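Computation of the quantities below employed the complete heavy-atom set of this structure, encompassing side-chain atoms and omitting hydrogens, waters and symmetry-equivalent molecules. In what follows, chains are A, B, ... by sequence order, proteins preceding strands, each numbered from 1. Because the structure is a prediction, the values reported are computed rather than measured.
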Amino acid sequence: MAPRCSAIGSRASKAVHRSPRSRQHAMAGAMTRYEPATIEPKWQAFWDKDDTFRTPEETGRPKTYILDMFPYPSGSGLHVGHPEGYTATDIMARYRRATGYDVLHPMGWDAFGLPAEQHAILTGTHPRDTTSENIATFKRQLKMLGFSYDWAREIDTTSPDYVKWTQWIFLKLFERGLAYQSEIPVNWCPALGTVLANEEVINGLSERGGYPVERVPLRQWVLKITAYADRLLADLEAVEWPNSTRIMQQEWIGRSEGAEVKFDVVDHDASIEVFTTRPDTLFGATFMVLAPEHPLVEQVTTDERRLAVESYVEQAKNKSERDRQANKEKTGVFTGGLAINPVNGAEVPIYIADYVLWGYGTGAIMAVPAHDERDFEFATAHGIPIVEVVSKTGTPSEVPMKGAMVEQGVAVNSGKYDGLKTREFKKRVTADLEAAGHGTARVEYKLRDWNFSRQRYWGEPIPIYFPVETDGDPRAGADFRIRYDEPMAVDEAELPLRLPELDDYKPGEDPAGVLARARDWRFFQKGGAWFARETNTMPQWAGSCWYYLRFIDPRNSKALCSPELAKAWLPVDLYVGGAEHAVLHLLYARFWHKVLYDAGVVPTKEPFKKLVHQGMILGEGGQKMSKSRGNVVNPDDIVREFGADSMRIYEMFMGPLEATKPWSTSSIAGVRRFLDRVFNATLRADEDAKPDAGLTRLLHRTIRKVTEDIEGMRFNTAISAMMVLSNELLKLDKVPTEALDVLAKLLHPFAPHLGEEIWEMLGHHPSIQNEPWPAYDPALCEEDEVEVPVQINGKVRGRITLPKDATEDQALAAARQALASQLEGKTLRKTIWVPGKILNLIV
RNA sequence: GGCCGAGUGGCGGAAUUGGCAGACGCGCCGGAUUCAAAAUCCGGUAUUCGCAAGAAUGUGUCGGUUCGAGUCCGACCUCGGCUACCA
């Protein structure tokens with residue numbers, strides 16, 4: 001027997017690794033210790049050559065589509081968070097193949113994006129070059145970890161072949177009236193020279209880079225996601241997603257039902273429309289508030305209030321988003337104007353205040369201080385009367401209100417509606433308003449249409465062009481006027497519309513974007529007339545909105561995905577990725593999918609059936625990993641020191657997949673020891689040794705446990721069960737080959753290289769991936785005898801050993817005998833017998 | 001402020017329908033091996049009291065339901081994530 005000697009260096013790892021052959025006479029050719037650095041490349045090469053993970057076609061077997069959120073190939077390479085989700089899906093993919101499924105498990109690159117462009121601005125390197133270098137690094141690292149992707153299906157969102165179909169989908173959106181232009185206030189980030197989506201702005205700063213963001217009006221392409229709001233909301237019921245993610249999407253869509261109510265303005269031929277979810281509180285509306293941007297402000301303001309109002313409006317305009325958020329005090333000024341409450345004819349003052357948002361509802365509210373916290377604050381600050389119109393009991397409060405009562409209740413001080421419950425009141429008053437022409441029921445959403453324009457270089461050009469009015473050649477500098485009101489779709493046959501080559505990617509002052517400087521690209525002639533291409537590009541989300549479709553049919557030049565294959569593979573059965581995509585990517589992708597569904601391109605209403613978010617991996621001290629903290633763990637280092645299989649198993653062993661958990665390098669050493677022991681047990685394999693009854697039971701139990709845990713994606717406890725088995729096997733001098741066969745089959749989805757290696761050592765033909773998953777016999781999992789704790793008054797006082805299907809009487813008899821001394825002189829009042837679990841005696 | 005999630009040994013975690021709390025791993029302690037060390041192997045390791053047998057306590061806090069609660073119910077505390085004036 002060769003000495004068992006581990007390849008793990010000391011943690012400091014300065015010691016030079018000695019070759020085992022320097023200390024012993026190794027068996028010729030046979031490996032005598034676990035060396036991941038040797039076996040991992042060996043099996044990776046085998047898989048490549050063998051095409052082990054090619055996606056099967058038309059076998060008639062059940063299918064499963066297991067997808068990772070594809071990475072943005074950043075310059076810093078993989079971090080340890082990537083392999084967490086990727087290992088989880090890889091285990092599922094390998095497990096499903098072994099259980100008879102056709103598995104689609106692809107990988108690709110979400111490769112458009114700002115960092116490559118920023119790098120280009122700094123160094124002049126073309127973003128394409130940076131991107132392909134980064135992709136090479138990512139691919140090397142993913143291959144190093146032994147993931148079973150079908151690399152023949154690799155896709156890159158920046159390749160012209162892919163861009164073609166991203167643009168094609170845009171044209172579908174355009175044809176259907178779901179892509180339109182709008183002159184809207186946008187989040188202009190001068191430092192980045194681009195417009196950002198609301199979602200990309202956090203506290204008034206850009207999500208990437210943290211630069212200040214201003215609001216300026218600009219012509220933008222916008223996608224009408226709001227047209228799908230109700231379906232995006234309703235179909236959330238049908239997916240197996242984490243509850244928290246579904247709730248986040250629901251709240252992002254933000255549907256609320258209420259009424260639109262019209263208040264006529266005194267002495268003006270105008271009326272203010274408000275949206276309210278509480279029309280039942282109309283009698284308590286003691287003032288109105290317009291957003292500072294509201295067009296009626298000008299009209300309703302009286303001469304003596306004009307100065308104050310204009311100064312407030314000016315102030316609000318200059319306030320950055322950030323300041324607005326930092327300061328929650330209810331500021332505002334009276335306009336001097338009055339409006340008439342349609343339910344009781346009362347004249348109420350009209351204010352302007354920036355706590356009313358121009359972007360939501362009608363940009364104006366009826367303020368009910370008694371039943372809305374913000375209105376209460378404002379009324380208190382400005383000495384406006386507070387009238388209670390809802391109470392819990394149905395009788396008005398006797399003391400003045402100390403705060404807003406926002407709950408539902410019974411109407412008071414509401415004329416003929418007094419005594420009605422909130423819900424009934426809403427219905428009644430909405431109907432009455434409608435009859436009187438003063439209002440109507442209305443549904444409002446927080447969801448805004450999606451700003452789809454970016455003024456960047458490194459993105460998909462939007463395949464639209466416009467007529468140009470010009471006297472000369474605009475490419476040569478002639479004056480021109482672009483007719484943005486007459487957008488035309490680029491002919492499908494001309495797709496992909498490629499990016500022009502530029503020397504300078506810097507954003508300029510021209511808000512039309514970087515591409516506007518590429519005049520030869522921008523302007524062209526057709527039939528003697530001049531035209532100009534759209535110079536905005538698409539946001540990074542575009543490519544990631546539909547990549548899962550391209551994986552199904554990645555080389556199709558006639559369609560983005562053939563209908564037959566789409567039908568065969570959709571929906572994605574398991575989708576794993578970070579929770580940071582809970583709303584943006586996952587909502588956008590659902591929206592596009594539904595549009596393609598309506599266009600007959602895809603056969604399912606939803607793209608992703610089951611969704612799982614892997615948890616964040618923190619640094620060793622429990623802090624977030626970051627370059628500035630210096631606690632970033634590089635997968636290359638871990639693989640070099642411990643091997644890819646150890647890294648994979650460690651990340652799965654850390655805790656539940658979804659949990660946030662801290663990294664611990666010393667714990668990887670423990671996982672590595674486990675793999676060493678598995679290898680060493682295999683060295684002692686003996687064909688003639690047969691498992692005894694105890695080992696047989698353990699084998700069947702382990703199969704059951706590992707199988708059930710993989711199905712439930714509880715990889716940490718599955719690994720624990722395999723550790724228990726390997727610990728038992730190592731106690732034997734001769735380890736039965738059939739036991740090791742089972743262990744190899746259970747282990748290989750987790751540690752694929754070692755799995756293949758020991759499978760071969762056991763005398764089998766690779767690949768172990770082609771072997772069926774082991775089966776267990778439930779009967780063999782059970783013990784013949786069970787040890788049952790006996791409690792007296794709820795405290796464990798002894799144990800009895802019983803046949804596994806013992807009756808209560810048998811248990812009681814055994815307990816009387818075993819605990820005779822403790823039961824002496826006591827009267828048994830009650831017994832609780834849980835078969836095979838516990839016996840509790842109440843005395 | 002709102003929503004979601006989580007609090008279990010020195011640490012990561014296990015106990016999934018209420019039934020022996022602490023599986024598995026790390027770390028630590030002791031032993032074997034070694035000239036010595038590393039590595040490996042064996043044993044121990046919740047806390048308190050006790051030489052020991054053993055006993056008591058113990059899953060964030062307080063209370064409740066139950067023969068029995070980490071698990072269920074109520075109130076609270078702490079931490080994390082998301083969100084933030086959405087009428």
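Proximity of the aromatic rings of Phe378(A) and Tyr355(A) is defined here by a centroid distance below 6.0 angstrom, and this criterion is met. Between Tyr650(A) and Trp663(A), the ring centre distance stays below 6.0 Å.
In this structure, of C20(B), G13(B), A87(B), it is A87(B) that holds the atom nearest to the side chain of Thr276(A). When the nucleotides A14(B), C85(B), C4(B) are ranked by their closest atom to the side chain of Ser244(A), C4(B) comes out on top. Closest contact between the side chain of Asn716(A) and the listed nucleotides G13(B), A87(B), G19(B) involves G13(B). The side chain of Ser667(A) sits closest to C26(B) out of A87(B), G13(B), C26(B). Comparing atom distances between the Asn840(A) side chain and each of C67(B), A14(B), A87(B) picks out C67(B) as nearest. For Ile838(A), the side-chain atoms get nearest to C20(B) when compared with the rest of C20(B), G12(B), A87(B). You'll find that the side chain of Lys661(A) is closest to G13(B), out of G19(B), G13(B), A15(B).
A salt bridge is defined here as a Lys NZ or Arg NE, NH1 or NH2 lying under 4.0 Å from an Asp or Glu carboxylate O, and Glu782(A) with Arg704(A) meets this definition. A salt bridge links Glu257(A) with Arg255(A); the closest basic N to acidic carboxylate O contact falls under 4.0 Å.
When heavy atoms are screened at a 4.0 angstrom cut-off, Asp375(A) is found touching no nucleic acid atom at all. Pro242(A) comes within 4.0 angstrom of no nucleic acid atom, judged by non-hydrogen atoms across all strands. Within the 4.0 angstrom heavy-atom criterion, base atoms lie near Ser720(A). Val724(A) comes within 4.0 angstrom of the backbone, heavy atoms only, and of no base. Gln791(A) comes within contact range of at least one nucleobase, with a heavy-atom separation under 4.0 Å. As judged by a 4.0 angstrom heavy-atom cut-off over every strand, Arg255(A) is placed among residues making no nucleic acid contact. Within the nucleic acid shown, Ile247(A) comes within 4.0 Å of sugar-phosphate atoms alone, with no base atom in reach, counting heavy atoms only.
Look at G43(B): its Watson-Crick or wobble partner, with both distances under 3.5 angstrom, is C29(B). When both pairing distances are held under 3.5 Å, A36(B) makes no Watson-Crick or G-U pair with any nucleotide shown. C24(B): Watson-Crick or G-U partner is G12(B), with both key distances under 3.5 Å. Pair assignment for C72(B): G64(B), on the basis of Watson-Crick or G-U wobble contacts that are both within less than 3.5 Å. In this structure C51(B) sits in no base pair that meets the Watson-Crick or G-U test at under 3.5 Å. Across the strands present, U78(B) finds its partner in A6(B); the criterion is a Watson-Crick or G-U wobble pair with both atom distances under 3.5 angstrom. Base pairing of G1(B) is made with U83(B), judged by Watson-Crick or G-U wobble geometry with both donor-acceptor distances under 3.5 Å.
Residue Asn243(A) places no side-chain N or O under 4.0 Å from the OP1 or OP2 atom of C4(B). Dashed line: the shortest gap from a side-chain N or O of Arg278(A) to OP1 or OP2 of A87(B) is not under 4.0 Å. In this structure, Asn727(A) reaches the G25(B) phosphate: one of its side-chain N or O atoms is under 4.0 Å from OP1 or OP2. For A87(B), one of the phosphate oxygens OP1 or OP2 lies less than 4.0 angstrom from a side-chain nitrogen or oxygen of Ser256(A). Considering only side-chain N and O atoms, Arg673(A) lies nowhere under 4.0 angstrom from the phosphate OP1 or OP2 of C41(B). Checking the phosphate oxygens (OP1, OP2) of G25(B), no side-chain nitrogen or oxygen of Arg672(A) falls inside 4.0 Å.
A52(B) and A69(B) have their C1' atoms separated by 33 Å, with the value rounded to a whole Å. For the C1' atoms, the distance linking G74(B) with A23(B) amounts to 33 Å, nearest Å.
Between Met248(A) atom CE and G5(B) atom C1' the separation is 10 Å, expressed in whole Å. Rounding to whole angstrom units, CD of residue Glu580(A) and P of U83(B) are separated by 11 Å. In this structure, Leu357(A) places its CG atom 9 Å from C1' of A87(B), rounding to the nearest Å.
Pairs engaging residues 645-664 of chain A under the salt bridge (Lys or Arg N to Asp or Glu O under 4.0 Å) rule: Glu84(A)-Lys661(A), Asp90(A)-Arg648(A) [sequence neighbours left out]. Applying the salt bridge (Lys or Arg N to Asp or Glu O under 4.0 Å) test to every pair with at least one member in residues 274-287 of chain A, sequence neighbours left out, gives these pairs: Arg278(A)-Asp280(A).
Applying the 90° cutoff around 0 to the glycosidic angle, G9(B) is assigned syn.
Between Ile832(A) and Tyr360(A), the residue anchored closer to the 5' end of RNA chain B is Ile832(A), taking for each the nucleotide with the nearest heavy atom. Nearest-nucleotide positions on RNA chain B for Glu708(A) and Gly361(A) put Glu708(A) closer to the 5' end.
Looking at Thr702(A) and Val724(A), their side chains never come closer than 4.5 Å, going by heavy atoms from C-beta outward.
More than 12 heavy-atom neighbours from other residues, nucleotides or ligands sit within 6.0 angstrom of CD on Gln810(A).
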